[in-house]
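Every value quoted in this text rests on a predicted model; they were computed, and no experiment measured them. Just so we're on the same page: letters track the sequence lines, and every chain starts at 1.
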Amino acid sequence: MDHLFFGYFAGVIALTALLVVAFKNPIYSALSLLIMFFHVAGLYVTLHAEFLAAVQIIVYAGAILVLYLFVVMLLNLKTDDRYHSQWRAAAFVGGPLLVEFFVLLAGSLSAPPAALPRVDIETGDNTLAIGETLFSTYLFPFEVASLILLVAMIGAIVLAKREVPETPAS
Amino acid sequence: MTIPITYYLVLSAIVFLTGLVGVLIRRNIIAILLSVELMLNATNINFVAFSEHLRDLGGQVFVFFALTVAAAEVAVGLAIIIALHRSKDTINVEQFNLLKW
């Protein structure tokens, strides 16, 4: 049963990831990315990360993708873009990773499962456990994350602001 | 019967590879940013899988931080795209050769 769920989610994730790159129209790419986000959230649920599944849907599918679609609509694109002629660079970088992927796949069939130390965490309330970890061990990175968001917000406003002509004082 | 960690690694490798090739071969800046999102999601899958495998919540917390960085990246990246579109009226990366010499 677990394998069935994993197979479904992994298959859809891999397929939609390919479609994101393959579609010529950015709107279709964004929509297949949306399907991928939902299935990644499903994968998180099978991994007992319920809070992250909710955050994945709310932040990624809800906020980030809407921003993408908004910009695609705003720019009013023509769909005549073709692929880059950078096949050599893509092959040079992608080839070693592909080899690594096959090595990994071959290793998974032969190697015995590694004996790893199992530290028991609180079972049950995933959100509570994440909150406690976030606000105790990772408190400083959490504050830095808020600073990053503030800087990104100010930067986006400054970059996208159009020069407003001076209105004459009435 | 639980899923071996290697399955998640293979899935993550596939998604990361797709995103990497997408960054390299697409000409549309928006498609390039979408491919970057693919790569970030691949790493997030790895983080959550290892978090479950090692029974350590640190991986899930790092997904949270990766999500923050992804949101910031999208905000700034899309603002840059809008500024570029205003100045050059295209978002084809081959038209932008200002730093070429």
Atom group of B/Ala70 that falls short of 4.5 Å from chain A, counting heavy atoms: both
task: Determine whether A/His48 and B/Ser51 make a side-chain contact, defined as any pair of heavy atoms from C-beta on separated by less than 4.5 Å.
output: no
task: Could you label the plane-to-plane angle of the B/Phe64 and A/Phe142 rings as parallel, tilted or perpendicular, counting under 30° as parallel and over 60° as perpendicular?
output: parallel
message: For a 4.5 angstrom cut-off between non-hydrogen side-chain atoms, does A/Leu159 reach B/Ile82?
response: no
- prompt: Side chain, backbone, both or neither: which part of B/Leu9 has a heavy atom under 4.5 Å from chain A?
  reply: both
message: Ignoring hydrogens and geometry beyond distance, is a side-chain donor-acceptor pair present between A/Asn126 and B/Gln60 at under 3.5 Å?
response: yes
query: Among B/Leu33, B/Leu67, B/Val74, whose side chain to side chain contact (heavy atoms under 4.5 Å, CB included) with A/Ile64 holds?
result: B/Val74
- request: Examine whether an atom of B/Ala72 lies under 4.5 Å from a heavy atom of chain A, and if so say whether it belongs to the side chain, the backbone or both; otherwise answer neither.
  value: both
- request: Determine whether A/Leu33 and B/Leu38 make a side-chain contact, defined as any pair of heavy atoms from C-beta on separated by less than 4.5 Å.
  value: yes
- line: Heaviest contributor of heavy-atom pairs below 4.5 Å to chain B, chosen from A/Leu149, A/Thr16, A/Thr137, is A/Leu149
- prompt: Which region of B/Tyr8, side chain (C-beta onward) or backbone (N, CA, C, O), has a non-hydrogen atom less than 4.5 Å from a non-hydrogen atom of chain A, or is it both or neither?
  reply: both
field: Pick from A/Tyr68, A/Tyr44, A/Phe9 with the largest number of heavy-atom pairs that fall under 4.5 Å of chain B
entry: A/Tyr68
- request: Could you have a look at B/Ile14, B/Val63, B/Leu78 and say which one has the most heavy-atom pairs with chain A under 4.5 angstrom?
  value: B/Leu78
- request: Name the region of B/Leu17, side chain, backbone, both or neither, that has any atom closer than 4.5 Å to a heavy atom of chain A.
  value: side chain
- prompt: Are side-chain heavy atoms of A/Tyr60 and B/Asn44 found at a separation under 4.5 Å?
  reply: yes
task: Answer with side chain, backbone, both or neither: which region of B/Leu20 has an atom nearer than 4.5 Å to a non-hydrogen atom of chain A?
output: side chain
